[in-house]
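Worksheet: the structure to be examined is printed underneath.
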Amino acid sequence: MARLFDGFLRVSYAVAVILEGVQDFLQMALVVICGQPCSGKSTAALCLSVALKESESNSTIRIIDEASFHLDRNQSYANMTAEKNLRGVLRSEVDRSVSRDNIIIVDSLNSIKGYRYELWCLARAAGIRYCLLFCDAEETQCKKWNEQRGEKCEATYDDTIFEDLIRRFEKPDRRSRWDSPLFELCPFKDGILKSSAAIVDAVSYLTKKVDSKTRDVKILQPTIATQGARFSEANSLYELDRATQEVINVVVEAQSQSIGGPLNGISLSQELPILNMSRSVGLPELRRLRRTFIKLTGQTSLSGPPPPSDAESAKRMFVDYLNRELGSA
C-alpha cells in the first residue's frame, strides 16, 4: 500500500507541474461589474470587452447580462422572488462558463455582497483569477441618466423599483475577498472609455502572464470542498470510468488469447506505456483494482491536482498503476 501511495504522489506531482506551466498562458477569469442602476455598467462592460480583445489575450471574452436572456429589468426586480430568480439564472450561466478558457464579464447590478461572494466562490472553485469593476456614481446622477434614457425611448427603471434598488445597494469594500481586487470607475466624472484608468488596470491584471514568482496577480485556489465538487463533475467521472473499463477489456481479451498464461508487453496504443504483468489476473481482481484506482484518484484530487478529464490521461495513469501492482517485483 505504501508503494501504491508513493506512486500516486509522484503522478500527482508531475500533473501539478504540468498544470503550473499551463497557468502561464491560460487567462481564465471572472469579472464582476458592480454599481447602482443606470451608473454605466453595461458601457463599462463593453469597453472592457473591447479593450481585452485588443490586448494580447487569446481568451474568448463573453458578457453575461439580463439582456442575454431577454429579461425585462422592471419585471426582474419587481419583487424579491423575481430578483432571486434572476440572480439564480445569471449564477447558473456563470457556473457553466467559468470552467472554459475564457474571460467572463458579469454585467448586472451585483449589488448584494452575499451574491458577490457566491460569484467569487465560483471563481475559486474553477481555480481562476477574479476582480471587481465598480462604477461609482452618485444617486442623483444615476437618476438623471435613467430619465434621459426614458426621453430616448430606451429601457428604464420604474421610479419605485429604482428607489428600492438604490436603497438596498451594498457598496463594495476592497477589504473583502469577494470585492478584491477592486477597480473603481467614475463614469460621470471621468467618462467611460476603454482607455479609462480603471479599465486599463483591469485589462493589465486579467492578461498578465502568471508564474510561480508572480505576486501582484492572484489565482484563486480551490479548497478541499470545491475540489471534491470538481471531481464529481460528470465529464471527469465519465472519462475516468470509460477509460479504465477500456483498459480492463484489453487485458481480458489479451489473456483469453494467451490461454491464461502470464502476459508481457500488452500495448494499448503508441501513446500509452506498455502493460507488463507477472501473472494472469482474473476479471474479479481486475475490477477490484479498477475500483481502488478510481477511489484513490478521487482522494488524491482533494489535496492535489484534479482527476484526469480526458481518456488518454486516465488510461496512462491506470496503466502505470497496474504495472506497479501486477508487474514483476
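It should be emphasised that the depicted structure is a prediction, and the values quoted were computed from it without experimental measurement. As a basis for the values below, the full set of heavy atoms in this structure was taken, side chains included, without hydrogen atoms, waters or symmetry mates.
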*In the single-linkage hydrophobic clustering (I, L, V, M, F, W, Y; side-chain heavy atoms under 4.5 Å), do F188 and L46 co-cluster?*
no
*Do other residues, nucleotides or ligands put more than 12 heavy atoms under 6.0 Å from D159 CG?*
no
*Would a hydrophobic clustering, with Ile, Leu, Val, Met, Phe, Trp and Tyr connected at side-chain separations under 4.5 Å, put I63 with L206?*
yes
*Answer yes or no: is there a donor N or O on one side and an acceptor on the other, between the side chain of E170 and the main chain of I112, under 3.5 Å?*
no
*Any donor-acceptor N/O pair, N323 side chain to I274 backbone, under 3.5 Å*: yes
*Distance-only donor-acceptor check, side chains Y115 and E83, under 3.5 Å*: no
*Exam field: side chain Q255 to backbone V281, donor-acceptor pair closer than 3.5 Å*: yes
_Short side-chain to backbone donor-acceptor contact, Y321 and T292, under 3.5 Å_ = no
*Is a side-chain N or O of S180 found less than 3.5 angstrom from the main chain of S176, in a donor-acceptor match?*
no
_Contact summary for C38 and Y157, nearest pair of heavy atoms_ = SG-CD1, 3.8 Å
*List the steps, then state whether side chain to side chain contact (heavy atoms under 4.5 Å, CB included) holds for V106 with V31.*
CA-CA 6 Å; V106 187; V31 183; over 6 Å; no
*With distance as the sole test, does S92 use its side chain to make a donor-acceptor pair with the main-chain N or O of V89 at under 3.5 Å?*
no
*Exam field: side chain T244 to backbone D241, donor-acceptor pair closer than 3.5 Å*: yes
_R149 to W145, cation-pi by 6.0 Å centre distance and 45° axis angle_ = yes
_R168 atom CZ, over 12 foreign heavy atoms within 6.0 Å_ = yes
*With a 4.5 Å limit on heavy-atom distance, are the side chains of D190 and S196 in contact?*
no
*asked:* Could you check whether E147 pairs with K143 (Lys NZ or Arg NE/NH1/NH2 to Asp/Glu carboxylate O, under 4.0 Å)?
replied: no
*asked:* Quick check against the 3.5 Å criterion: does N79 have a side-chain atom that pairs as donor or acceptor with the backbone of T81?
replied: yes
_Donor-acceptor contact present, side-chain Q141 to main-chain E138, <3.5 Å_ = yes
*S108 and side-chain hydrogen bond (donor to acceptor under 3.5 Å, both in side chains): which partner among K41, R73, E66?*
E66
